[in-house]
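Not measured: the values here are computed from a predicted model. Every heavy atom of this structure was used, including side-chain atoms; hydrogens, water molecules and symmetry mates were not. Labels below follow one simple rule: chain letters A, B, ... track the order of the sequence lines, proteins then strands, and each chain is numbered from 1.
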Amino acid sequence: MSPMARTAPVPAATDPAIIRNFCIIAHIDHGKSTLADRMLQLTGVVKQRDMKAQYLDRMDIERERGITIKSQAVRIPWEVDGTAYCLNMIDTPGHVDFTYEVSRSLAACEGAILLVDAAQGIEAQTLANLYLAMENNLTIIPVLNKIDLPAAQPEKYALELANLIGGKPEDVLMVSGKTGVGVEALLDLIVRELPAPVGDPNAPARAMIFDSVYDTYRGVVTYVRVIDGSLSPREKIQMMSTRATHELLEIGVSAPEPTPSKGLGVGEVGYLITGVKDVRLSKVGDTVTTFSKPASEALAGYHDAKPMVFSGLYPMDGTDYPVLRDALEKLMLNDAALIYEPETSAALGFGFRVGFLGLLHLEITRERLEREHNLDLISTAPNVEYEVTLEDKKVVHVTNPSEYPSGKIAEVREPMVAATILAPTEFVGAIMELCQTRRGILGGMDYLSEDRVEIRYRLPLAEIVFDFFDILKSKTRGYGSLDWKADGDQVADLVKVDILLQGEQVDAFSAITHRDKAYSYGVMMTGKLRELIPRQQFEVPIQAAIGARIIARESIRAIRKDVLAKCYGGDISRKRKLLEKQKEGKKRMKMVGRVEVPQEAFIAALTTAEAPKDKSKK
Amino acid sequence: MTPSALPLGDPAPADGILPAQAAVGAADRKFSLYAHIPFCAVRCGYCDFNTYTATELGGGASQDAYAETAVREVEFAARAMVASGLPARKLSTVFFGGGTPTLLPAGDLTRILGAAVAQWGLEDGAEVTTEANPDSVTKESLQELYDGGFTRVSFGMQSAVPHVLKVLDRTHNPDRVPQAVAWAREVGLNVSVDLIYGTPGESVADWETSVRTALSYEPDHISAYSLIVEEGTKLAAQIRRGQVPNIDDDDHALKYELADALFTEAGLSWYEVSNWSRTPEDACQHNLAYWRGDDWWGIGPGAHSHVGGVRWWNVKHPTAYANRLDKGESPAAGRETLDADTRAMERIMLTSRLSEGMAINTLSPEARKAVAGLIAQELVEPLKAFAGTLVLTLKGRLLGDAVTRALLD
């Protein structure tokens with residue numbers, strides 16, 4: 001058994017030979033954070049009493065959802081055969097929306113632990129990240145977690161992992177992050193199996209940024225992995241993509257609390273603080289060098305994060321617009337992938353069109369805005385970016401249905417994705433049917449094991465941003481998993497469907513859909529709105545239209561009775577409380593023309609699930 | 001009438017002393033008494049009132065001992081009011097509700113009334129009402145009530161149609177109603193009948209039959225309530241299980257309009273959303289006290305009271321109620337002391353229900369602006385509004401809560 005390291009290697013004076021940089025590739029819920037916590041505990045870097053579950057997941061939302069949004073890096077000492085090693089564990093985001101961040105985290109490592117739930121097997125996102133790791137020539141240590149679970153099938157999934165990475169099933173390590181079984185063996189294996197980093201200590205400094213986090217007190221904290229040369233405190237550093245220079249105010253390592261050091265040498269992982277307030281000035285993937293002795297060539301692999309999904313964000317209460325603006329400004333400091341610009345909606349007033357990496361990024365951003373800034377928000381249906389070429393050859397990029405040109409359109413191009421779906425073989429039919437209705441084109445199919453299959457489809461991004469994943473989950477009884485990456489664009493026959501309340505177009509409900517689906521979208525939306533909008537004192541016709549042509553219609557009958565028949569002595573307190581509640585409810589209503597529309601109606605536009613049937617209208 | 005679920009409020013002290021605000025301006029307010037009689041022969045499927053069948057209770061809570069217990073609260077109330085600095089006021093109205101008050105011997109009811117009159121006195125010509133089940137009265141018992149000081153009886157007729165009465169679990173024979181009404185008139189009592197519309201399975205024709213039948217008895221007053229399905233009732237469970245169709249607000253609206261037309265044609269006028277009377281004097285003065293924000297003390301388990309912006313309610317169970325009074329403690333379970341804004345809100349909520357209306361100049365500037373919109377929506381009478389009073393139109397009566405909300409924004 002390996003003891004805790006008695007003396008930890010000192011940063012800036014660490015021989016690369018005793019450094020091991022690794023990350024953990026795992027699917028949400030497969031126990032990555034629990035395993036990481038257990039490692040921190042075993043190596044003694046986090047005292048028992050400071051331990052809170054999922055130590056590395058700092059944000060509340062991360063802890064609640066059990067996922068890692070922003071990665072972190074921790075320096076862990078571990079002794080093997082009398083030598084104290086320095087292990088840098090680089091945490092990676094686990095979600096498909098953050099593929100680029102994952103690729104940069106992987107680029108900072110020499111090895112990766114492939115962590116798979118012994119009761120569930122590998123999932124598509126894990127597979128995608130595993131491919132990225134292999135592309136980066138990382139050494140992979142396959143590990144099955146949760147072997148303590150009664151439902152665990154370690155033999156079956158060990159075989160699956162061995163098939164994937166080309167090894168023997170018996171080489172797969174069995175651990176339980178929960179009980180701690182196998183974790184020390186894993187730490188030993190990391191030291192023995194993973195290569196030490198290699199770099200030129202005398203070359204000009206090159207460090208890759210793999211994460212950049214805004215901290216209220218310290219400004220932007222930039223996490224780097226030094227490839228060549230070294231960085232020292234009070235040095236002027238330069239970002240190679242922009243040539244911007246910054247004073248290095250502090251340099252250090254996370255152990256796991258920030259600990260200033262005398263610098264960082266080849267192979268080391270740590271943080272930089274420059275006093276910069278905007279993460280955009282310290283972008284993930286960029287190369288840091290020194291101003292006095294700059295490197296001539298940046299490290300490969302840097303590119304700007306590109307938003308894929310756009311949605312309008314509007315405050316429920318129009319007077320909250322400045323609050324939302326300030327909140328977005330603040331959030332942007334910490335999220336280089338977030339872009340936004342002001343827009344106005346006839347229905348919703350002043351708001352912002354915000355670009356996101358994906359739907360989860362949208363949801364998390366919205367939740368953070370609401371929670372951290374006490375805002376009540378309406379987000380419009382998510383939209384991808386269309387390239388519309390008019391007959392006069394003018395090209396318009398449309399991220400908001402209300403900007404869809406009304407003139408003569410020559411061609412519309414929509415973004416496509418290459419999607420990988422993993423599921424038990426019995427669901428192949430259901431998955432193919434789903435992808436077919438989403439205009440998918442089958443790319444191929446491979447058996448991972450006897451009863452698990454990988455299916456590849458090329459799909460329009462617009463078809464998967466709404467509810468594709470939810471439906472996939474329900475069609476595969478929760479076993480299906482999805483990963484996707486951008487895959488060019490294609491010409492498509494698209495139309496804009498407008499929704500009209502009382503004859504007035506509500507821009508927030510407009511959607512761009514394939515022509516074949518316009519009718520069903522119209523029927524679905526009008527039906528849903530009929531259920532969700534309460535009866536008003538007048539009849540409210542709801543229509544769906546393509547241009548001037550009405551394709552679906554519904555109507556909400558006028559309310560005729562809204563009074564408590566009986567109101568005597570004993571009813572008064574009760575009645576008053578009911579009215580107070582109704583008054584509160586009214587605050588959650590948005591006036592669209594004369595019609596009171598509840599917030600749920602706008603939220604409902606986010607999903608295409610069937611409206612609840614047979615709900616009696618009040 | 002006391003609903004079964006009590007509100008959440010502040011604790012009420014055992015000595016029954018009211019907060020200081022209760023006495024402010026009391027000399028200018030009328031004072032009424034409500035007496036709750038928590039007994040029924042059977043519990044109706046739609047009813048969520050605080051009531052018990054004869055076999056459910058014993059001891060001081062039993063039917064036999066109830067008058068004794070109620071008198072004890074009358075005496076407690078009189079002492080607590082003096083101790084709270086309230087001026088001596090004669091009773092403006094008295095109302096016995098239930099439950100079924102007439103399940104008690106007439107002598108018990110007159111005894112409780114007598115005790116109240118002995119404590120506070122009664123204004124000249126004061127209205128004294130009891131609710132009654134048509135099955136539980138005789139000419140003799142009505143005579144005894146009249147002789148004991150009652151002036152008015154309100155019969156729970158509900159419907160004239162047997163299959164509707166069956167859904168409501170009402171056991172009385174509809175043919176008994178005209179007889180009971182006739183006896184009441186003969187002994188000199190003013191007569192009201194209660195109707196319920198919108199019972200599952202009731203057709204519009206059924207309802208018309210009930211309205212016309214009620215009118216044929218020529219009562220001085222009719223109350224007509226839409227059926228409210230209260231949580232926890234047998235009817236709510238039957239609807240949830242699909243054994244009985246759910247109620248329909250549109251059906252209720254249509255039946256309300258029909259009833260209002262037939263009542264008006266027969267010479268009755270609405271004076272509150274669910275109440276019509278032959279002459280203004282026939283309007284139920286006791287219920288008007290509720291809507292006008294006057295003071296009243298409610299005795300009996302679960303009964304609610306209101307004095308000068310303080311509302312309180314008694315413990316629900318008759319046994320707990322009797323035990324409190326045995327110990328000389330207030331039977332109040334909780335209370336709330338309303339601030340000025342809440343009182344203003346209640347005033348709008350309650351007075352907007354009345355045909356006498358609400359003085360527009362007592363409204364906030366924002367609410368006064370909202371009146372124009374209510375006129376445009378045909379919810380309030382324009383001419384009355386021009387003259388400074390807000391009175392609901394027929395459409396407005398059906399959308400009364402929307403009007404209240406508009407005035408509270």
Item checked: Rounded distance (nearest 0.5 Å) linking atom NE2 of B:His306 with atom OG of A:Ser573 -> 9.0 Å
Note to self: Is there a side-chain contact between A:Ile559 and B:Leu399 in this structure, where contact means two heavy atoms from C-beta onward sitting under 4.5 Å apart?
What the structure shows: yes
Item checked: Proximity breakdown for B:Leu227 and chain A, heavy-atom pairs closer than 4.5 Å -> neither
Notebook entry, point to check: How many angstroms lie between NZ in A:Lys575 and CG in B:Asp401, if you round to the nearest 0.5 Å?
Noted result: 4.0 Å
Notebook entry, point to check: Can a salt bridge be assigned to the pair B:Glu230 and A:Arg574 using a cut-off of 4.0 Å between side-chain N and carboxylate O?
Noted result: yes
Note to self: Using a strict threshold of under 4.0 Å (side-chain N to carboxylate O), is an ion pair present between A:Arg535 and B:Asp249?
What the structure shows: no
Notebook entry, point to check: What orientation do B:Tyr225 and A:Tyr568 show, parallel under 30°, tilted 30 to 60°, or perpendicular over 60°?
Noted result: perpendicular
Margin query: Side chains of A:Lys561 and B:Ser226: any donor to acceptor distance under 3.5 Å?
Written below: yes
Item checked: Inter-residue atom distance B:Met345.CE - A:Arg576.CZ, 0.5 Å rounding -> 7.0 Å
Notebook entry, point to check: Any ion pair linking B:Glu257 and A:Arg560 (charged N to carboxylate O, less than 4.0 Å)?
Noted result: yes
Next item on the list: Please state whether the side chain, the backbone, both or neither of B:Arg353 comes within less than 4.5 Å of a heavy atom of chain A.
Entry: side chain
Next item on the list: Please check if atom NZ in A:Lys590 has more than 12 non-hydrogen atoms from other residues, nucleotides or ligands closer than 6.0 Å.
Entry: yes
Margin query: Taking atom NZ as the centre, does B:Lys395 end up with more than 12 heavy-atom neighbours from other residues, nucleotides or ligands that are less than 6.0 angstrom away?
Written below: yes
Next item on the list: Could you check B:Thr404 against A:Leu579 for side-chain contact (heavy atoms from CB on, under 4.5 Å), going step by step and ending with a plain yes or no?
Entry: CA-CA 8 Å; B:Thr404 303; A:Leu579 273 169; 3.7 Å; yes
Notebook entry, point to check: Of the backbone (N, CA, C, O) and the side chain (C-beta and beyond), which part of B:Leu408 lies under 4.5 Å from a heavy atom of chain A, both, or neither?
Noted result: both
Item checked: Spacing of A:Gln537 atom CD and B:Glu378 atom CD [to the nearest 0.5 Å] -> 10.5 Å
Notebook entry, point to check: Can you name the side chain to side chain contact (heavy atoms under 4.5 Å, CB included) partners of A:Tyr321, sequence neighbours left out?
Noted result: A:Pro315, A:Arg325, A:Pro342, A:Phe350, A:Phe352
Check: Does A:Gly569 offer a backbone N or O that forms a donor-acceptor pair with the side chain of B:Trp296 under 3.5 Å?
Finding: no
Next item on the list: Determine, step by step, whether B:Asp250 and A:Arg557 satisfy the side-chain contact (heavy atoms from CB on, under 4.5 Å) criterion, reporting the C-alpha distance in whole Å, the side-chain angles of both residues, the deciding distance to 0.1 Å, and the verdict.
Entry: CA-CA 10 Å; B:Asp250 288 353; A:Arg557 284 174 301 148; 2.7 Å; yes
Next item on the list: Taking atom CD of A:Glu504 as the centre, report whether more than 12 heavy atoms of other residues, nucleotides or ligands fall under 6.0 Å from it.
Entry: no
Next item on the list: Mark yes when over 12 heavy atoms from residues, nucleotides or ligands other than B:Arg343 sit less than 6.0 Å from its CZ; otherwise mark no.
Entry: yes
Margin query: Please report the interatomic distance SG(A:Cys567) to CH2(B:Trp291), rounded to the nearest 0.5 Å.
Written below: 8.0 Å
Margin query: Within the structure provided, determine whether B:Ile228 and A:Leu564 are in side-chain contact (heavy-atom separation under 4.5 Å).
Written below: yes
Next item on the list: Measure the CD1-CE distance between A:Ile572 and B:Met349 for me, rounded to the nearest 0.5 Å.
Entry: 6.0 Å
Next item on the list: Indicate yes or no for a side-chain donor-acceptor contact from B:Ser274 to the backbone of A:Lys566 under 3.5 Å, with no hydrogens or angles considered.
Entry: no
